[in-house]
Amino acid sequence: MKKSIIAAAASALLALACVAGCASGTASNNQSGSDQGQETKTVKVVASFYPMADYAKKIGGDRVEVVNLVPAGTEPHDWEPSTDDMKTLESADVFVYNGAGMEKWVDQVSDTLSNDRLVKVEASQGIQLRAGADEEQGQYDPHVWLSPQNAKVEMANIRDALIAADPGGKDVYEKNYETYAAKLDELDQQYQQRLSAVPNKNIVVSHQAFGYLCDAYGLNQVAIEGLDAESEPDAKTMAEIVDFAKDNHVKVIFGEDLVSPKVAQQIADESGAQCKVLNPLEGLTDEQLAAGEDYFSVMEKNLDELVEALS
């Protein structure tokens with residue numbers, strides 16, 4: 001069904017290609033008069049899901065307009081683009097996606113696009129990837145952004161893509177990158193200092209999203225579900241996690257904002273632990289966005305939750 005949706009969208013786009021090309025040519029001609037070059041071009045950036053959109057906004061500043069394909073409050077693992085989303089990509093200057101297997105639809109969609117000027121950037125390029133769980137051999141863990149040092153690499157890749165699409169904004173993009181790279185270094189130091197002091201190093205989480213964070217700060221992740229947040233554990237796995245929580249004095253079972261807390265709550269109830277939220281930053285809700293939450297504020301809240309749970 002997913003392939004047929006993308007195929008149908010591709011067919012619709014073919015009919016639009018000529019119209020889009022003519023409109024582009026007209027717009028170009030309209031700018032060829034005396035006003036040409038007087039206005040700064042707004043770079044249209046399309047991001048595959050929340051952290052990519054947040055990074056692009058931070059690096060691009062006022063020179064970019066960023067569209068996040070995945071709606072607020074939507075879990076992105078199994079999300080697929082619609083025909084309208086593909087039209088959006090046809091008119092974009094830059095397409096930012098995480099890669100590492102997070103967006104399973106990217107290759108197929110890219111093959112259907114006629115947008116020759118589109119600069120595509122796989123933000124995780126250059127990051128050493130973790131393998132998935134034993135039952136998911138051949139897959140990589142895509143949740144690289146939960147390590148601040150990895151986030152720095154992703155922002156650098158996005159900076160380079162924006163410069164390629166808009167060389168005139170090079171100084172702006174480099175300056176913004178340096179600002180946020182420094183903030184990521186500071187965040188990394190906070191995680192190192194505070195988590196090095198906690199006595200318990202085991203976290204039980206809703207799905208296998210926190211491996212990069214745990215590797216960076218000496219924690220051990222026990223995941224209820226696999227790389228996909230929508231998978232369901234069997235009874236044997238549930239019992240094993242309950243036993244692990246009891247044996248290792250785990251005080252908190254972490255659920256998530258964008259998936260049902262039912263399973264995490266059940267394990268918490270059976271193990272005598274509390275159920276709280278640890279946000280994998282796969283997406284924010286409308287309420288979180290309206291409150292001004294972003295990568296940094298959520299990561300700081302995650303750190304507070306981890307320190308409390310592990311102390």
Side-chain angles (χ1 to χ4, degrees), residues 40-70 72 76 92-100 102-103 119-129 142-195 209-210 212-213 215-217 279-284 288-304 306:
T40 301
K41 172 189 176 184
T42 299
V43 180
K44 184 172 182 180
V45 180
V46 175
S48 59
F49 68 118
Y50 175 74
M52 302 300 103
D54 189 39
Y55 297 166
K57 289 176 183 177
K58 285 175 164 51
I59 304 302
D62 293 338
R63 294 185 73 92
V64 303
E65 172 193 344
V66 179
V67 175
N68 181 8
L69 290 178
V70 178
D93 299 302
V94 178
F95 174 41
V96 181
Y97 65 100
N98 182 75
M102 182 67 186
E103 305 93 341
V119 176
K120 304 171 191 173
V121 53
E122 183 177 4
S124 65
Q125 189 70 36
I127 294 172
Q128 184 173 355
L129 301 179
H143 306 85
V144 297
W145 59 90
L146 287 167
S147 157
Q149 291 302 318
N150 286 347
K152 221 165 97 169
V153 174
E154 296 207 293
M155 284 194 185
N157 287 331
I158 293 169
R159 172 202 63 198
D160 294 344
L162 291 174
I163 292 171
D166 177 29
K170 183 174 185 288
D171 290 346
V172 171
Y173 303 139
E174 289 182 340
K175 181 178 179 181
N176 288 345
Y177 169 76
E178 293 300 331
T179 296
Y180 287 105
K183 290 189 67 173
L184 287 167
D185 285 338
E186 181 182 348
L187 181 66
D188 176 54
Q189 286 298 314
Q190 291 175 16
Y191 266 80
Q192 289 189 40
Q193 291 169 6
R194 297 184 66 189
L195 291 177
F210 297 90
Y212 293 96
L213 185 149
D215 287 350
Y217 305 112
N279 193 330
L281 271 160
E282 293 177 348
L284 299 187
Q288 288 170 324
L289 292 170
E293 298 282 351
D294 72 344
Y295 177 88
F296 290 97
S297 66
V298 173
M299 287 292 286
E300 288 164 0
K301 287 183 179 179
N302 280 350
L303 178 55
D304 288 340
L306 286 168

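For the numbers below, each heavy atom of this structure counts, side chains included, while hydrogens, waters and symmetry mates do not.
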Legend entry - Contacts of type salt bridge (Lys or Arg N to Asp or Glu O under 4.0 Å), residue Lys58, not counting sequence neighbours: Asp54, Asp294
Inset, instruction - Enter the distance from Leu306:CG to Phe210:CZ here, rounded to the nearest 0.5 Å. - result: 7.5 Å
Inset, instruction - For residues 156-168, pull every pair meeting salt bridge (charged side-chain N to carboxylate O under 4.0 Å, His left out), keeping only residues two or more places apart or in separate chains. - result: Arg63-Asp166
Legend entry - Sub-4.5 Å side-chain heavy-atom contact between Asp185 and Lys152: yes
Legend entry - Closest contact, heavy atoms only, Ala56 versus Leu162: O-CD1, 4.4 Å
Inset, instruction - List for me each residue that meets side-chain hydrogen bond (donor to acceptor under 3.5 Å, both in side chains) alongside Lys170, sequence neighbours excluded, and say none if there are none. - result: Glu174
Legend entry - Tyr295 side-chain N/O to Trp145 backbone N/O, donor-acceptor pair under 3.5 Å: yes
Inset, instruction - Any chance you could measure Met102, atom CE, to Glu282, atom CD, to the nearest 0.5 Å? - result: 4.5 Å
Inset, instruction - Classify the side-chain pair Gln192/Asp188 by whether it contains a donor and acceptor separated by less than 3.5 Å. - result: yes
Inset, instruction - Of all the heavy-atom pairs spanning Met52 and Ala123, show the shortest one and how long it is. - result: SD-CB, 3.7 Å
Legend entry - Side chain to side chain, Val64 and Tyr173, heavy atoms closer than 4.5 Å: yes
Legend entry - Minimum heavy-atom distance Tyr180-Met155, with the two atoms named: CB-SD, 3.7 Å
Legend entry - Side chain proximity check, Asp304 to Arg194, heavy atoms < 4.5 angstrom: yes
Legend entry - Test applied, side-chain contact (heavy atoms from CB on, under 4.5 Å); reference residue, Phe296; option that passes from Glu186, Lys301, Lys183: Lys183
Legend entry - Gap separating the NZ atom of Lys120 from the OH atom of Tyr97, nearest 0.5 angstrom: 7.5 Å
Inset, instruction - Please list, chain by chain and in numerical order, all residues satisfying ring pair (Phe, Tyr, Trp, His ring centres under 6.0 Å) with Tyr50, sequence neighbours excluded. - result: none
Legend entry - Rounded distance (nearest 0.5 Å) linking atom CG of Asp171 with atom CD1 of Ile163: 8.5 Å
Inset, instruction - Compare all side-chain heavy atoms of Ile127 with those of Glu154 and state whether any distance is below 4.5 angstrom. - result: yes
Inset, instruction - For a side-chain contact (heavy atoms from CB on, under 4.5 Å) with Pro280, tell me which candidate from Leu146, Val298, Leu213 qualifies. - result: Leu146
Legend entry - Non-hydrogen atoms of Tyr212 and Pro142 that approach each other most closely: CE1-C, 4.4 Å
Legend entry - Taking every non-hydrogen atom, the tightest pair across Glu103 and Gly99: OE1-N, 2.9 Å
Inset, instruction - Please name the pair of heavy atoms, one in Ser48 and one in Val70, separated by the smallest distance, quoted to 0.1 Å. - result: O-CG2, 3.0 Å
Legend entry - Asp93 side chain to Lys44 backbone, donor-acceptor under 3.5 Å: yes
Inset, instruction - Output the distance between atom CG (Asp215) and atom OG (Ser147), rounded to the nearest 0.5 Å. - result: 9.0 Å
Inset, instruction - Taking side-chain hydrogen bond (donor to acceptor under 3.5 Å, both in side chains) as the test, write out the residues that go with Asn302, two or more places apart. - result: none
Inset, instruction - Sequence neighbours left out, what passes side chain to side chain contact (heavy atoms under 4.5 Å, CB included) with Asn157? Give chain and number order. - result: Val121, Gln125, Val153
Legend entry - Spatial distance of atom CG (Leu69) from atom CZ (Phe49) [nearest 0.5 Å]: 11.5 Å
